[in-house]
Amino acid sequence: MVSDAPRQIDGHIVLVGLPGAGKTTVGRSVAKALGRPFLDFDLEIERRAGMSVARIFAELGEPAFRRMEVELTRELSAAPPMILSPGGGWVTNSGVIAMLRPPGCLIHLLVSPAEAVRRLSRSRTTRPLLLQADPSVKMQALWDARAGLYNSADTILNVEVVEPQAITDSIVALAHGRMPAIG
Ligand code: S3P
């Protein structure tokens, strides 16, 4: 029988989207609900490099940071299923999506560039790519360059209009192969 129902997700669940979309917060809560490990790429890269993402960008350059993302992805492709929260630019690394999917599955946490900037203005974490006079212009440019990659995700959840708990519930439903109540 052919069915349109989603299949249970056996591989990694990878949360993608603009900085400020809430990938880390949602990822932690989904991991807790599913009893799966959670990994935040930026934190893991900082731990390994012994310096902040901002310092990696400033002292080693963005290409070095992107190579660290690719290397981490390669390692994770052989790891048991986790909830993964890569940085917003991870999708731009050639080949990384194919390293995890299948059996992994991408979920795009969709926020508009304007809302992403609003959310980040309340955050204490420094995003080196947004350290410029008008972060709105830069965020719009990131969106323009990445929207196609984000939207190649298996599922898109508009996190601007949905409560955080409902986002978690939806991802848990998808992980179990059920249709989410929202989308
Ligand atoms: C980046 C997003 C950041 C971090 C780095 C680069 C990007 O992660 O990886 O500053 O290129 O969009 P968040 O999406 O968690 O902010």
Inset, instruction - Treat each ILVMFWY residue as a node, draw an edge where side-chain heavy atoms are under 4.5 Å apart, and state whether V137 and L142 are in one component. - result: no
Legend entry - Residues forming a side-chain hydrogen bond (donor to acceptor under 3.5 Å, both in side chains) with E163, sequence neighbours excluded: none
Legend entry - Shortest non-hydrogen contact from A21 toward V159: O-CG2, 3.6 Å
Inset, instruction - Is it possible for you to say whether L120 and L43 belong to one hydrophobic cluster, with membership spreading through side-chain heavy-atom contacts below 4.5 Å? - result: no
Inset, instruction - Check G88 against P19 and note the closest heavy-atom contact, atom names and distance. - result: CA-CD, 4.4 Å
Legend entry - Heavy-atom check, side chain of I156 versus side chain of N158, under 4.5 Å: no
Inset, instruction - Find the distance between CG (D154) and SG (C105) and round it off to the nearest 0.5 Å. - result: 4.0 Å
Inset, instruction - Mind listing the closest non-hydrogen atom pair of L34 and A175 along with its distance? - result: CD1-CB, 3.7 Å
Inset, instruction - Drop me the distance from S85's OG to I13's CD1, to the nearest 0.5 angstrom. - result: 12.5 Å
Legend entry - With E44 via side-chain hydrogen bond (donor to acceptor under 3.5 Å, both in side chains) - residues at least two apart: R47, R48
Inset, instruction - State whether the side chain of K23 and the backbone N or O of L18 hold a donor-acceptor pair below 3.5 Å, judged by distance alone. - result: yes
Legend entry - Smallest separation among heavy atoms of I56 and A49, with atom names: CD1-CB, 3.8 Å
Inset, instruction - Take V30 and R36 through the side-chain contact (heavy atoms from CB on, under 4.5 Å) test and state the conclusion after the steps. - result: CA-CA 8 Å; V30 169; R36 285 207 207 174; over 6 Å; no
Inset, instruction - Step by step, work out the side-chain contact (heavy atoms from CB on, under 4.5 Å) result for T92 and L149. - result: CA-CA 7 Å; T92 64; L149 292 161; 4.2 Å; yes
Legend entry - Interatomic spacing from CG in L100 to CG in L84 - rounded to 0.5 Å: 6.5 Å
Inset, instruction - Kindly compute the distance separating OG (S29) from CD1 (I171), expressed to the nearest 0.5 Å. - result: 8.0 Å
Legend entry - Nearest heavy atoms of I9 and P103, plus distance in Å: CG2-O, 4.4 Å
Legend entry - Test item: M51 and L60 side chains (from C-beta on) under 4.5 Å apart, heavy atoms: yes
Which atom pairs, donor and acceptor, lie under 3.5 Å between side-chain atoms of residues 106-118 and protein residues at least two apart or in another chain?
unit_1 : atom_1 : unit_2 : atom_2 : d
H108   : ND1    : N151   : OD1    : 3.0
S112   : OG     : E115   : N      : 3.1
S112   : OG     : E160   : OE1    : 3.1
E115   : OE1    : R118   : NE     : 3.0
E115   : OE1    : R118   : NH2    : 3.2
E115   : OE2    : R119   : NE     : 2.9

Legend entry - Partner set under side-chain hydrogen bond (donor to acceptor under 3.5 Å, both in side chains) for R74, not counting sequence neighbours: E71
Inset, instruction - Kindly indicate, with the supporting measurements, whether the criterion side-chain contact (heavy atoms from CB on, under 4.5 Å) is fulfilled by V14 and R101. - result: CA-CA 9 Å; V14 190; R101 180 178 72 178; over 6 Å; no
Inset, instruction - Would you check if I83 and P37 make a side-chain contact, meaning some heavy-atom pair closer than 4.5 Å? - result: no
Inset, instruction - Classify the angle between the aromatic ring planes of W90 and F41 as parallel (below 30°), tilted (30 to 60°) or perpendicular (above 60°). - result: perpendicular
Legend entry - Sidechain-backbone polar pair: E46 side chain, V53 backbone, donor-acceptor under 3.5 Å: yes
Inset, instruction - Go through the steps to decide whether L15 and T24 satisfy the test side-chain contact (heavy atoms from CB on, under 4.5 Å), and finish with yes or no. - result: CA-CA 8 Å; L15 303 178; T24 301; over 6 Å; no
Inset, instruction - Could I get the full list of ring pair (Phe, Tyr, Trp, His ring centres under 6.0 Å) partners for F38, not counting sequence neighbours? - result: none
Legend entry - For S152 against I97, the heavy-atom pair lying closest together: OG-CD1, 4.2 Å
Inset, instruction - Spell out, as yes or no, whether a donor-acceptor pair under 3.5 Å connects the side chain of H12 to the backbone of L76. - result: yes
Legend entry - Test item: N93 and R67 side chains (from C-beta on) under 4.5 Å apart, heavy atoms: no
Inset, instruction - Please confirm whether the backbone N or O of W143 pairs with a side-chain atom of Y150, one donor and one acceptor, at under 3.5 Å? - result: no
Inset, instruction - Output every pair passing ring pair (Phe, Tyr, Trp, His ring centres under 6.0 Å) with a member in residues 43-81, not counting sequence neighbours, ordered by first then second residue. - result: F57-F65
Legend entry - Euclidean distance, R28 CZ relative to L39 CG, rounded to 0.5 Å: 10.0 Å
